[in-house]
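Below, chain A is the first sequence line, B the second, and so on; all start at residue 1. What you are looking at is a predicted structure, and each value in this text was computed from that prediction instead of being measured.
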Amino acid sequence: MYDVVILGSGPAGTAAALSLAGKRRVLVTDVGHAPDATSRLEGNFYQLRKRNPWLFRELIGEQFESLHNIDHDYLMPKLKAPLQRYITRVVPEDGVVIGDGFSAVRSYAQGGMANAWGAQLYRYRAEDMTDYPISPQDLEPYYRCLIDRIGISGCDDDLSQFYGQADGLMPPIHLANISKSLLRKYENKKAYLNSHGVYLGRPRLGVLSRPLAGRKRCEYENLEFFKPRIESVYTPAYTLNELVARGDISYEPGNLAIGYEEDGDGVSIQVRCLRTNEMHTIRCKRLIVALGTIGTAKLVLATRKDTTTKLPFVDNQLSYIPFVDFRHLGKKTEQDSFYTQLNMFYTRDDASQSVMGSFYALTGIFNSEVLFDIPLSIASSIVTAKHILPAMMVLHLWYPGAPNKGNYIQLTKHHDVKITVSDTLDGVAEKRLISTLRCLGLWSSFRFARFPEMGNSFHYAGALPMRNQPDGPYETDRYGRLSGSTKVFIVDGAALPSISAKNLSLTIMANAMRIAEHVYGTLGTE
Amino acid sequence: MNAVESEQALIAQAHYLSDELFGARAPDALATAYARAHAHALGVFEGAECGVVDSLVRLGLDLVAVEYAMRIREPTNLLTKKVRIFVYLAESHPDYFAFFINDRDSSVYRSIGALILEMFRSGWKALKGLWLIWRYRLV
């Protein structure tokens, strides 16, 4: 019997494992799809494309994975790249997610959705946690541990008021020329922009600007969209593999968790071995669930055979606005770059929380992703794109996510999951930003703004929220312990009552470490 | 139900598309990939839609003009999807790199001039495409 079983090897599961590593007998288990180890993607994305041989398998795919969006539901470029498809490879045995106003993206991969994340990692501050039963001080020791281990690059600038202290950061990674000039212009127009609620600065990224623990620093090869497990970009799989190599934990992929049962001595977890299709039971003293909000909610509801309860579901709503900086028209394509460039916070007068924006350069992807969005003939679009794409940036706006009666997740009678949400974006922030950012030489029009269906942020939370006094069977206490349970702990986004506009990953990881440390304490002399 | 286009027909389409868009015959590997891509990249389409593409290839009509006009009328038409497949494949192939990537700076004014020219060119292509669709009863 294991002391602790952790279901899920994503950011939360791996962080929990880190807390327990070497202290107790720990098993991490999940489906655990892994990337194909063989790839010819070594070098710069643009240099590789110029040379023979044609990298058909890596850039297009034997199943033509890169062409997915031509006649199928949209997948973001990073997820449809051939070598990245393992991240969202489905597991038919686990049913489907039915979205009502929601496009669900789930990962059964080793390391979870973090294999495709933008690596933006931020502390939550007090204003981000007003409905949490814990404070930022409760998480601070774990934030520090993770910052030191992961290697986060960034700096102390105007966005520190939103991100928190800048200690422990590596120097920021290089900016593309368009971003450098944008930042210079911001310094000149700061007073005006700040008076309109706009603040600009560098993101904090789990991307190394110098080597750390045997991992190389970023080499700006623009392969983020196509190459799995780029060394300089942190993914929890690195920590998982390190802990396994040291013998501190055991890891068993290939298992789909179906349910669990508590008894006096511990927890019996029913899993289906996907290779043999046979069911078996894993025993442990404590169970930590970190399957991602959708997976965790489903496991708990399925265990309780509950197809009527609607659990709250929280997501970051999202919008995209393409901008052009005409001063950069016709510039050489920036071939040595990283796609995440600058961040922005915007606080509306009528809003209590800020909206976060991320400026992305259009490098590292094919022009073909956007060619047919240009309202010209294809021949003209191909010529135009060469001139205009180096002058373009796309602003992703992330909105805070709070519980809403209309947004919920439930289990269906057929053992699928249904998520129902309602979009509340009114486009006001987008219109104001389009107008305000003109002073930086950024031009756009509201007609180009896009409002993807909810779910496209991949930031899901809220289903089993932490409370000081849990009320009802589907809440958790401040240590993630599930109501009605003594041995089952929830450590992923499901435990967060609400989410800030900032990326939630570092907070999920810190909270998972905190809860796992508590779980270790409950084992006592057992 | 999908209409079935023969591999030879699809390979011929690839060479036609390459010639129309880039002024050169497609490498054989690219043409073969274009043919294979149809089974993976496309959903269901009607046989009548294939007729448009066959006519373009057979009559040697202005692909750019017809595709643009059809895209304006119906963005999800089969011809546009086929062109998207080919352009995506071409962009990934070394032989077409220079068509898609700026390897050197050019002046802002030259770029603005190029953009204005392409806008007028597109306008002309749209009109020509609509006329070709009507003249040859392509839809």
Side-chain angles (χ1 to χ4, degrees), chain A residues 45-73 177 226 324-335 363 365-369 371-391, chain B residues 20-22 27 29-30 33 36-45 63-65 67-69 71-72 75-76 80-85 87-95 97-112 114-115 117-119 121-126 129:
Chain A
F45 176 62
Y46 294 93
Q47 299 307 312
L48 288 170
R49 283 168 55 193
K50 255 193 214 183
R51 300 193 299 255
N52 282 306
W54 182 21
L55 294 175
F56 171 80
R57 178 176 156 268
E58 291 84 353
L59 300 180
I60 300 296
E62 296 295 345
Q63 307 296 315
F64 296 88
E65 293 90 328
S66 281
L67 306 185
H68 174 92
N69 290 347
I70 290 174
D71 210 9
H72 299 91
D73 287 342
N177 287 325
F226 287 92
V324 176
D325 182 346
F326 288 106
R327 295 162 300 178
H328 289 265
L329 276 181
K331 288 278 190 253
K332 186 177 152 175
T333 302
E334 191 107 26
Q335 299 187 17
T363 56
I365 59 171
F366 287 128
N367 296 2
S368 298
E369 299 292 345
L371 278 179
F372 286 82
D373 292 329
I374 300 172
L376 299 174
S377 74
I378 183 56
S380 293
S381 294
I382 291 171
V383 172
T384 299
K386 279 177 72 167
H387 291 274
I388 207 168
L389 291 186
Chain B
E20 286 286 298
L21 291 170
F22 302 105
L30 185 59
R36 282 180 47 220
H38 281 61
H40 298 277
L42 292 182
V44 175
F45 56 87
L63 163 81
V64 173
E67 188 278 325
Y68 188 38
R71 179 163 26 112
I72 290 169
T76 59
T80 295
K81 290 176 190 173
K82 282 172 171 281
V83 172
R84 285 186 72 178
I85 290 173
V87 170
Y88 207 110
L89 292 172
E91 189 177 357
S92 71
H93 194 284
D95 288 7
F97 181 83
F99 288 99
F100 293 92
I101 300 299
N102 241 2
D103 251 352
R104 64 186 76 167
D105 287 343
S106 61
S107 81
V108 171
Y109 302 106
R110 186 159 177 271
S111 292
I112 291 174
L115 293 178
L117 178 63
E118 295 306 328
M119 282 169 62
R121 212 174 254 165
S122 285
W124 158 242
K125 289 289 186 184

What part of [X] lies closer than 4.5 angstrom to a heavy atom of chain A: side chain, backbone, both or neither?
X         : result
Ala33(B)  : both
Phe22(B)  : side chain
Ala29(B)  : both
Leu21(B)  : side chain
Ile72(B)  : neither
Ala114(B) : side chain
Arg71(B)  : side chain
Leu63(B)  : neither

Residue selection (most heavy-atom pairs with chain B, distance under 4.5 Å) from Leu48(A), Ile378(A), Asn69(A): Ile378(A)
Interface residue of largest heavy-atom contact number with chain B, from Lys331(A), His387(A), Lys50(A), under 4.5 Å: Lys50(A)
Backbone N/O of Lys332(A) and side chain of Asp105(B): donor-acceptor pair under 3.5 Å: yes
Donor-acceptor contact present, side-chain Ser122(B) to main-chain Ser377(A), <3.5 Å: yes
Verdict with reasoning, Glu91(B) to Ser368(A), per side chain to side chain donor-acceptor pair (under 3.5 Å): CA-CA 7 Å; Glu91(B) 189 177 357; Ser368(A) 298; 2.6 Å; yes
Within 45° cone and under 6.0 Å: Arg84(B) NZ/CZ vs Phe372(A) ring: yes
Could you give the distance from [atom1] ([X]) to [atom2] ([Y]), rounded to the nearest 0.5 Å?
X         : Y         : atom1 : atom2 : result
Asp103(B) : Gln335(A) : CG    : CD    : 5.5 Å
Ile60(A)  : His40(B)  : CD1   : NE2   : 12.5 Å
Asp71(A)  : Leu42(B)  : CG    : CG    : 5.5 Å

Ring geometry between His93(B) and Trp54(A) (parallel below 30°, tilted from 30 to 60°, perpendicular above 60°): tilted
